[in-house]
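These values consider heavy atoms only, across backbone and side chains, with no hydrogens, waters or symmetry-generated copies. Please read these numbers as outputs of a predicted model, since none were measured by experiment.
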Amino acid sequence: MGSSEYRGAVTTARFADPQQEFSALGESCGVYDLGFRARISLTGGDRVRWMNGMVTNNIRDLEAGRGVYAFLLNPQGRILGDMYVYNRGEALELETDRSQAEKIIATFDHFIIMDDVEVKNISDEQTALGVAGPRSRELLNKVGIQVPEMQPLQVMTPQCVCDCGCVECTVIRGEDAPQESYEVWLAPKDVYKTWQVLVAAGATPVGSEALELQRITAGIPLYGVDIRERDLPQETEQMRALNFNKGCYVGQEIVERIRSRGSVHRKFTGFVAEGEAAIAPGAKIISAEKEVGEITSVATLRTSAGERTVALGYIRREVGVPGREVTVGTSKATVIQLPLGSAALQPADDAVLHKV
């Protein structure tokens, strides 16, 4: 067990074998600390109208108890940050990485002029645990946190008859419908006892190394690593963050111009190489002796088909066709459709994770 800095907070890197922790997330149930996520509350009578004019997704029509993923842009259409926005009825609640919180709050403060909007960082008042895997809802119910069938990004306050002292909590279903996961929002004082009862019920403790491997194989870009301020929304392939039927927002003109004139020149995608390839973040992608892209995230895992290196990065659209072979450093790699988690990439039981 060791600690490391992860997404703006110090958290446990591993509890045991990271590969076994990663396997639990896909095969049974894993529990993990989400203390690296920050929470920002928006209150005031203008909060919905104002927030709708700040981010790329539709906040105006967001139902109470639902959430959306969105980008915050600068006037030139470049990405300043990403977040989930939830309509909690009396307030909007934003979730982002702690590493982004200060910049996002400063940007918000800059744009609040005569609006009835109050922005408050509530990260010290509320934190979260993540529970993921095909048995995750079963284990939550087993410990007394009664979770019904939920839609992705649905928010609910469960009936609690738990063995952990009947904590007050909020449950959010993860965005990826096929891969069942939940966030349990609760007060910091209740985290440890809730963690203990989940582990006692059969959940596997999961550290940040396994979370990174899951993120990379799922093809989820991380702001500050895979999404940078120089990137445009459509380059990231995260169309779930964009709504083209809402009103004006900061950076909309650029996003709409890209949509009306056609696609951008490069796109975010995945890559696979045989063995533990010499591929690192920042490595250039070469095709037909020309530089066509750049790697942003890399991990190596052992699968039933042997050791593989999986990577995320950007590549020119005309080259980034699934199945196309490219060169990264001295290694050959194949462009693959996201998410990367196909049957060929599933880890063997005795695999060992090497995070790059």
Side-chain angles (χ1 to χ4, degrees), residues 7 25-26 29-43 47-48 51-52 54-72 79 81-98 100-101 104 122-123 126-134 136-141 145-159 169-186 211 214-215 218-223 226-227 233 236-246 249 338-339 341:
R7 295 165 72 162
L25 296 171
C29 178
V31 59
Y32 44 94
D33 179 21
L34 285 169
F36 55 85
R37 298 291 278 171
R39 304 214 193 303
I40 302 167
S41 172
L42 269 66
T43 54
R47 66 187 182 280
V48 174
M51 190 62 179
N52 200 58
M54 288 299 298
V55 297
T56 57
N57 218 326
N58 187 354
I59 308 303
R60 179 193 61 207
D61 300 322
L62 185 60
E63 298 177 15
R66 298 284 179 164
V68 291
Y69 177 67
F71 290 140
L72 176 68
I79 303 171
D82 69 344
M83 68 196 74
Y84 288 93
V85 183
Y86 297 95
N87 183 351
R88 302 300 307 276
E90 299 271 325
L92 295 175
E93 193 160 327
L94 281 55
E95 185 185 28
T96 189
D97 283 349
R98 285 183 178 266
Q100 298 187 60
I104 288 174
I122 60 171
S123 303
Q126 190 178 76
T127 186
L129 293 175
V131 184
S136 52
R137 188 162 75 95
E138 172 193 335
L139 261 65
L140 285 170
N141 288 328
I145 301 175
Q146 301 299 310
V147 178
E149 289 280 354
M150 297 174 67
Q151 297 299 312
L153 296 184
Q154 182 180 350
V155 184
M156 65 156 295
T157 301
Q159 178 183 1
C169 64
T170 298
V171 174
I172 297 89
R173 173 75 190 264
E175 187 175 19
D176 187 352
Q179 301 295 322
E180 192 169 2
S181 67
Y182 301 88
E183 293 185 7
V184 182
W185 294 0
L186 68 178
L211 291 181
Q214 183 195 46
R215 180 188 72 80
I220 300 171
L222 176 62
Y223 190 84
D226 307 289
I227 301 176
T236 70
E237 294 287 293
Q238 305 305 302
M239 300 307 291
R240 62 197 173 101
L242 305 179
N243 185 291
F244 294 102
N245 299 315
K246 58 176 283 184
Y249 59 87
L338 295 175

(request) Would you give the length of the straight line joining atom CG of D97 to atom OH of Y223, rounded to the nearest 0.5 angstrom? (result) 11.0 Å

(message) Checking E93 against I122 for the side chain to side chain contact (heavy atoms under 4.5 Å, CB included) test, could you report, in this order, the C-alpha distance in whole Å, the side-chain angles of both residues, the deciding distance, and whether it holds?
(response) CA-CA 9 Å; E93 193 160 327; I122 60 171; 3.8 Å; yes

(message) Testing V48, V68, L62, D61 one by one against N87 for a side-chain contact (heavy atoms from CB on, under 4.5 Å), which residue passes?
(response) L62

(message) Looking at R60, is its backbone amide N or carbonyl O close enough to the side chain of K246 to form a donor-acceptor pair, meaning the two atoms are under 3.5 Å apart?
(response) no

(request) Over all heavy atoms of both residues, which pair between A38 and A101 is shortest? Give the atoms and the distance, please. (result) CB-CB, 3.9 Å

(message) Do V184 and L140 make a side-chain contact, defined as non-hydrogen atoms from C-beta onward lying under 4.5 Å apart?
(response) yes

(request) Could you pull out the closest heavy-atom pair between L94 and M51, with the gap in Å? (result) CD2-CE, 3.6 Å

(request) Using a 4.5 Å cut-off on heavy atoms from C-beta on, say whether the side chain of R173 contacts that of M156. (result) no

(request) Could you pull out the closest heavy-atom pair between M150 and V171, with the gap in Å? (result) CE-O, 3.6 Å

(message) Between T56 (side chain only) and F71 (backbone N and O only), is there a donor and an acceptor less than 3.5 Å apart?
(response) yes

(message) Working to the nearest 0.5 angstrom, can you tell me the gap between R7 CZ and R215 CZ?
(response) 7.0 Å

(request) Provide the closest heavy-atom pair for G130 versus L34 in the form atom of the first, atom of the second, distance. (result) N-CD1, 3.6 Å

(message) Is it true that, when you exclude Q126 itself, more than 12 heavy atoms of the residues, nucleotides or ligands shown sit nearer than 6.0 Å to its CD?
(response) yes

(message) Run the side-chain hydrogen bond (donor to acceptor under 3.5 Å, both in side chains) test against E63 and tell me which residues pass, sequence neighbours left out.
(response) none

(request) Verify the distance criterion only: is there a donor paired with an acceptor across the side chains of N57 and Y69 at less than 3.5 Å? (result) no

(message) Checking the side chain of N141 only, and the main-chain atoms of V147 only, is there a donor and an acceptor separated by less than 3.5 Å?
(response) yes

(message) Any heavy-atom pair between the side chains of Q179 and P339 that's under 4.5 Å?
(response) no

(message) Quick check: closest heavy atoms across V131 and S136, and the distance to 0.1 Å?
(response) CG1-CB, 3.6 Å

(request) Could you tell me whether the side chain of S123 and the main chain of R39 form a donor-acceptor pair under 3.5 Å? (result) yes

(request) Mark yes or no for whether Y86, through its side chain, and E95, through its backbone, hold a donor-acceptor pair below 3.5 Å. (result) no

(request) Given side chain to side chain contact (heavy atoms under 4.5 Å, CB included), test T236 with D82 step by step and report yes or no. (result) CA-CA 12 Å; T236 70; D82 69 344; over 6 Å; no

(request) Hey, could you give me the CZ/CD distance between R37 and Q100, rounded to the nearest 0.5 Å? (result) 7.5 Å

(request) Output, in order, the C-alpha distance, side-chain angles, deciding distance and verdict of side chain to side chain contact (heavy atoms under 4.5 Å, CB included) for E90 and T43. (result) CA-CA 7 Å; E90 299 271 325; T43 54; over 6 Å; no

(request) Taking only Lys NZ, Arg NE, NH1 and NH2, and the carboxylate oxygens of Asp or Glu, determine whether E175 and R240 approach each other closer than 4.0 Å. (result) yes

(message) Let me confirm one number: the CG-CD distance from L129 to E183, rounded to the nearest 0.5 Å.
(response) 10.0 Å

(message) Any heavy-atom pair between the side chains of I172 and Y84 that's under 4.5 Å?
(response) no

(message) To the closest 0.5 Å, what do you measure between OH (Y249) and CG (N243)?
(response) 8.0 Å

(message) Tell me whether R98 contacts the main-chain N or O of G35 through its side chain, where contact means a donor paired with an acceptor under 3.5 Å.
(response) yes

(message) Could you walk me through whether V155 and W185 satisfy the side chain to side chain contact (heavy atoms under 4.5 Å, CB included) test, starting with their C-alpha distance in whole Å, then the side-chain angles of each, then the deciding distance to 0.1 Å, before giving a yes or no?
(response) CA-CA 10 Å; V155 184; W185 294 0; 5.5 Å; no

(message) For L242 versus P233, what's the shortest heavy-atom pair and its separation?
(response) CD2-CB, 3.9 Å

(message) To the closest 0.5 Å, what do you measure between CG (L222) and CG (L211)?
(response) 11.5 Å

